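This is a predicted model, so every value here is computed, not measured. The basis for the numbers below is simple: all heavy atoms, side chains too, and nothing from hydrogens, waters or symmetry mates.
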Protein chains: 2
Amino acid sequence: MTDEQAVGLAPMFKALGDPVRLRLMSMIASTTEICVCDLTDAFDLSGPTISHHLRVLREAGLVDSERRATWVYYSAKPEALRQLSGLLEITTPA
Amino acid sequence: MTDEQAVGLAPMFKALGDPVRLRLMSMIASTTEICVCDLTDAFDLSGPTISHHLRVLREAGLVDSERRATWVYYSAKPEALRQLSGLLEITTPA
DNA sequence: TGTCAATCTAGACGTATGTCGAAGCAGGCA
DNA sequence: TGCCTGCTTCGACATACGTCTAGATTGACA
């Protein structure tokens, strides 16, 4: 792995390296799309904090967001998760 | 995913969330074992900094270390990588 | 025993991160 | 137009992180 590849991929792992974001990612990826209000309800954290974590996931390229009327819906980007999964498999020859 | 699961798994992702550690992990996992001196030579960083990153990978459960004579050898723990890879696959139904 | 080489630990320093409350923005509705 | 609700942005704060230099530790060997 080159340094450039590592610099490009590390932010995705970093984004998943927080328990709150890992659970958020799990919830988002478990369905086609989910409203921020449903995500916020699942945690004992303030709205701004959840919004911050969702922004980190978005900027890491792991999720997309779309506003429809009053609500914002998040969805997973499967190709990003496959990229990470594939990297770990290649790294695990046995 | 429960909060407990997330709290347990997030540190592994977090450990891979730094470009230096991701490259270290890639180098370690690409062979059966590798000497710290070879790892240090591959980076423009001080020995203590590499040692620090290796400790993070070790405490995350991703690698093992073993001292033999003057040198310390690191090896990957495949079951940990498979755990992460499996999680990402489950999270990616399509 | 003394010395040398490889590695780790300790302490310091600047920056990044996670969290919050307060304020701002966007869209629906009276 | 004005107001309410859902979500984001802003600013602040304590803590964690990445890096370094200096010093400690471990093992080999004369």
Taking it one step at a time, do Tyr73(A) and Val36(A) satisfy side chain to side chain contact (heavy atoms under 4.5 Å, CB included)? CA-CA 6 Å; Tyr73(A) 295 88; Val36(A) 171; over 6 Å; no

Compare the minimum distances between each of dG27(C), dG27(D), dT19(D) and the side chain of Ala69(A), then state the nucleotide with the smallest one. dG27(C)

Checking dA28(D), dC8(C), dG28(C) against the side chain of Thr70(B) (C-beta onward), the nearest is dA28(D)

May I ask you to verify if any side-chain N or O of Thr49(B) is less than 4.0 angstrom from the OP1 or OP2 atom of dT19(D)? no

To the nearest Å, give me how far apart CD (Glu59(B)) and C1' (dC8(C)) are. 12 Å

According to a strict under-4.0 Å criterion, is Arg68(B) in side-chain N/O contact with OP1 or OP2 of dG27(D)? no

From the set dT7(C), dT9(D), dA10(C), return the single nucleotide nearest to any side-chain atom of Pro48(B). dA10(C)

Taking the side chain of Arg58(A) as heavy atoms from C-beta outward, which of dC7(D), dT8(D), dT7(C) is closest to it? dT8(D)

Is there a path of hydrophobic side-chain contacts, each under 4.5 Å between heavy atoms of I/L/V/M/F/W/Y residues, joining Met12(B) to Leu54(B)? yes

Can you identify which nucleotide, out of dG18(D), dT9(D), dA26(C), has its nearest atom closest to the His52(B) side chain? dG18(D)

May I ask you to verify if any side-chain N or O of Tyr74(A) is less than 4.0 angstrom from the OP1 or OP2 atom of dC7(D)? no

Taking side chain as C-beta onward, heavy atoms only, is Leu84(B) less than 4.5 Å from Leu84(A)? no

For dG18(C), does either OP1 or OP2 sit under 4.0 Å from a side-chain N or O belonging to Arg21(A)? yes

Side chain of Lys14(A): nearest nucleotide among dA16(C), dG6(D), dT19(D)? dA16(C)

Contact under 4.0 Å: Arg55(A) side-chain N or O vs dT9(D) OP1/OP2: yes

Does the side chain of Gln83(A) reach to within under 4.5 Å of the side chain of Lys77(A), using non-hydrogen atoms? no

If you look at every strand shown and take non-hydrogen atoms under 4.0 Å, does Leu45(A) touch a base, only sugar-phosphate, or nothing? sugar-phosphate

Which nucleotide in the set dC8(C), dG27(D), dT21(D) lies at the smallest distance from any side-chain heavy atom of Ser46(B)? dT21(D)

d(CD1, Ile50(B); P, dT21(D)) in whole Å: 13 Å

Leu54(A) atom CG is separated from dG18(C) atom C1', nearest whole Å, by 14 Å

Between dA6(C), dG18(D), dC7(D), which one does the side chain of Asp18(B) approach most closely? dG18(D)

What I'd like to find out is whether the side chain of Leu16(B) reaches to under 4.5 Å of the side chain of Arg21(B), using heavy atoms alone. no

